[in-house]
Amino acid sequence: ILNVEQSPQSLHVQEGDSTNFTCSFPSSNFYALHWYRWETAKSPEALFVMTLNGDEKKKGRISATLNTKEGYSYLYIKGSQPEDSATYLCAPNQAGTALIFGKGTTLSVSS
Amino acid sequence: EPEVTQTPSHQVTQMGQEVILRCVPISNHLYFYWYRQILGQKVEFLVSFYNNEISEKSEIFDDQFSVERPDGSNFTLKIRSTKLEDSAMYFCASGARTTGTGELFFGEGSRLTVL
């Protein structure tokens, strides 16, 4: 069973704060790493699909980095806004297998 | 924008009853998945489906579960004899490519409550 760890489990920040979370996964047989954003009462929505070691992707104020050798990815949010409040899920993909999700990091942003 | 749709949004059933959850994936997608989330726990993989057959399934997906794509558009999950522990939010997802390169698109989920 693929062991995916996300930390912290939850955090609460003030509007304008920048924050980051971690996803750890086994580095063996790595194929891709997905990040999803999941707002309450909605469906998970893809943020990034990352495949290359050292990859860095950006979407607006959100960016992610990937280290496949040591098995971790960071998600950064710059200048958090209340609409960033959601659960952020990571899911690594080993070659030929389905995505296995971590428990997620739940972010709450106060205005 | 194309989206994955799921029905019903909520179903309440008695233990031992059969349940069918329906999904309409995005039309040009080839890869289909069911996931579930028991309240307070993480999203768990159930099954993946490609080229009209199961490509992978988890240990959760036992003989009580089945999937089919009867008419080229719908993708269904059947639970033959529901148990209390099947109560969960069930998510359907589809993708145009394998998850090695492409993202998944999720439906909004079907909440199953087994009494």
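Please read all numbers here as calculations on a predicted model, not as lab measurements. Letters A, B, ... are given to chains in the order of the sequence lines, protein chains preceding strands, and every chain is numbered from 1. Below, each value reflects all heavy atoms present in this structure, side chains not excepted, and no hydrogens, waters or symmetry copies.
Only the side chain of Gln37(B) comes within contact range of chain A, with at least one heavy atom under 4.5 Å from a heavy atom of that chain. For chain A, no part of Tyr31(B) is nearby; none of its heavy atoms comes within less than 4.5 Å. Neither the backbone nor the side chain of Phe48(A) comes within contact range of chain B; no heavy atoms are under 4.5 Å apart.
Between Tyr35(B) and Phe101(A), the ring center distance clears the sub-6.0 Å criterion.
Under 3.5 Å, the side chains of Thr76(B) and Asn74(B) contain no donor-acceptor pair of N or O atoms. Checking Thr87(A) against Thr106(A) by side-chain atom types alone, a donor-acceptor pair falls below 3.5 Å.
Sorted by first and then second residue, the pairs that involve residues 13-37 of chain A and meet salt bridge (charged side-chain N to carboxylate O under 4.0 Å, His left out), not counting sequence neighbours, are Arg37(A)-Glu39(A). Under the disulfide (SG to SG under 2.5 Å) criterion, no residue pair touches residues 34-83 of chain B, with sequence neighbours excluded. Here side chain to side chain donor-acceptor pair (under 3.5 Å) pairs that include residues 45-54 of chain B, with residues two or more places apart or in two chains, are Ser48(B)-Ser55(B).
Atom CE of Met89(B) and atom OG of Ser43(A) lie 10.0 Å apart (nearest 0.5 Å).
Of all residues spanning residues 93-115 of chain B, those with a heavy atom less than 4.5 Å away from chain A's heavy atoms are Thr99(B), Gly100(B), Thr101(B), Gly102(B), Glu103(B), Leu104(B), Phe106(B), Gly107(B), Glu108(B), arranged by number.
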